[in-house]
Protein chains: 2
Amino acid sequence: MDTGDAFDPNCPTRLVLDRIGDKWSVLVLLSLADGPMRFTELRRRVGGVTPKVLTQTLRAMEYDGLLTRKVFAEVPPRVEYTLTELGRSLHEPVSAVTQWAEQNVGRIMGSREAIDHAQ
Amino acid sequence: MDTGDAFDPNCPTRLVLDRIGDKWSVLVLLSLADGPMRFTELRRRVGGVTPKVLTQTLRAMEYDGLLTRKVFAEVPPRVEYTLTELGRSLHEPVSAVTQWAEQNVGRIMGSREAIDHAQ
DNA sequence: CTGTATCCGGTCTGATACTG
DNA sequence: CAGTATCAGACCGGATACAG
C-alpha cells in the first residue's frame with residue numbers, strides 16, 4: 001500500500017492528472033478504446049463537444065503519446081485516431097474508475113443538495 | 001467489454017468525472033486513504049493548496065459523500081476528515097490510475113515539446 | 001487551529017462562422 | 001470531412017487578510 005507520496009508538484013500523479021483530468025480526455029480515451037475512429041464519429045460519440053475543443057483535446061493527447069493521428073490523402077479527407085499502446089494501457093485503470101462510477105452514481109448524487117461543486 | 005456508453009451529459013462517468021476531475025480532490029482522496037487527518041496536516045500533505053481551495057474541495061467531497069468532517073469541541077479547535085466507505089471504495093480504482101502514472105510518467109512526458117496542454 | 005471574505009486573474013470551454 | 005479563427009464568458013483557483 002503506497003502511502004501518500006503524491007504531493008510535490010512534480011509527482012507522477014499530478015503530472016498525469018493534469019493531462020487526463022480535463023473535461024474531455026477520458027471520454028475520448030473511452031471512445032477510442034473501441035477501435036480507431038474518425039473525427040466526426042468521435043464527436044458524435046463523445047457528445048456535446050465542439051470541434052475546436054475536440055481538436056485541442058486530440059492534439060494534447062497526441063503530444064502526450066496517448067493516441068496517433070493518421071491522415072489519409074483522399075477526397076474527401078479522412079483522419080483516423082487510434083490509441084497507442086500507452087493509451088490502451090491507460091484505458092484499463094481509467095475504466096476501473098468509470099465502472100466504479102456506474103455502480104455508485106446513485107450514492108454520490110444522493111448527498112448533494114444546495115451547493116455547487118467548488119465555488 | 002463495455003462499448004462507449006458514456007456520453008450523454010447524464011451518464012455516470014460524466015457525473016463522477018465532474019466531481020473528482022478537479023485539481024485537488026484526487027490528491028485529498030489519496031492523502032486521506034492513509035487514515036483520518038486534520039486540516040493542517042492535509043494541507044501540508046497535499047502541498048500547494050490554499051486554505052480556501054482546500055475547504056472548497058473538502059466541502060464538495062463531503063456533500064458528495066466521499067468523506068466526513070468531524071468537529072471536536074476543544075480548544076484549540078480540532079477537525080478531522082475521514083474517508084467514508086464510499087470514499088475508500090473509490091480509492092482503489094483511483095490508485096490504479098496513479099500507479100499507472102508512476103510507471104508511465106516518463107513515457108507520457110517524453111512526447112511533449114512545444115504545446116500547452118489545451119489552448 | 002480552522003477556517004471565511006474579498007478581490008482578482010488566467011484558463012478552459014463554448015458559439016459561431018469560415019476554410020482546404 | 002476535418003478542422004481553424006475569432007470572440008467571449010464562466011469558472012477555477014490563488015493571494016491576502018481577517019474571524020471564531
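Numbered from 1 within each chain, the chains take letters A, B, ... in sequence-line order.
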Practice item. Rounded to the nearest angstrom, tell me the gap between atom CD in B:Q56 and atom P in D:dC12. Key: 8 Å
Check your understanding: Roughly, in whole Å, what's the span from CZ in A:R43 to P in C:dG14?
Key -> 11 Å
**Study point:** Whole-Å distance separating the CG atom of A:L17 from the P atom of D:dG13
**Key:** 11 Å
Check your understanding: Could you state the interatomic distance from NZ (B:K70) to CZ (B:R78), rounded to the nearest 0.5 Å?
Key -> 8.5 Å
Check your understanding: Quick one: on DNA chain C, does A:T50 or B:F39 contact a more 5' nucleotide (nearest heavy atom)?
Key -> B:F39
Check your understanding: Do the side chains of B:M37 and B:V71 join up, straight or via other hydrophobic residues, at under 4.5 Å, putting them in one cluster?
Key -> yes
**Study point:** Partner of B:R88 by side-chain contact (heavy atoms from CB on, under 4.5 Å), out of B:L32, B:L83, B:L67
**Key:** B:L83
Check your understanding: OP1, OP2 of C:dT2 versus side-chain N and O of B:T55: anything below 4.0 Å?
Key -> no
Exercise for review: Write down the distance between CZ (B:R69) and C1' (C:dG3), rounded to a whole number of angstrom.
Suggested key: 8 Å
Check your understanding: Roughly how far, to the nearest 0.5 Å, is the CH2 atom of B:W100 from the CD atom of A:E92?
Key -> 11.5 Å
Review point. Quick one: is D:dA2 close enough that its OP1 or OP2 comes under 4.0 Å of any side-chain N or O from A:R38?
Key: yes
Review point. Which whole-number value in Å describes the distance from B:L42 CG to C:dG3 C1'?
Key: 13 Å
Revision key, fill the gap. On DNA chain C, more 5' by nearest nucleotide between A:P51 and B:V79 is B:V79
Revision key, fill the gap. B:K52 NZ to D:dT16 C1', in whole Å, measures 11 Å
Check your understanding: Closer than 4.0 Å, any side-chain N/O of A:R59 to the OP1 or OP2 of D:dT4?
Key -> yes
Review point. Within a strict 4.5 Å, meaning less than it, do heavy atoms of the A:I20 and B:V97 side chains meet?
Key: yes
Check your understanding: Roughly, in whole Å, what's the span from NZ in A:K23 to C1' in D:dG9?
Key -> 13 Å
Revision key, fill the gap. A:D22 CG to C:dC12 C1', in whole Å, measures 9 Å
Review point. Using a cut-off of 4.0 Å on non-hydrogen atoms, how would the nucleic acid contact of A:Y81 be classed: base, sugar-phosphate, or nothing?
Key: sugar-phosphate
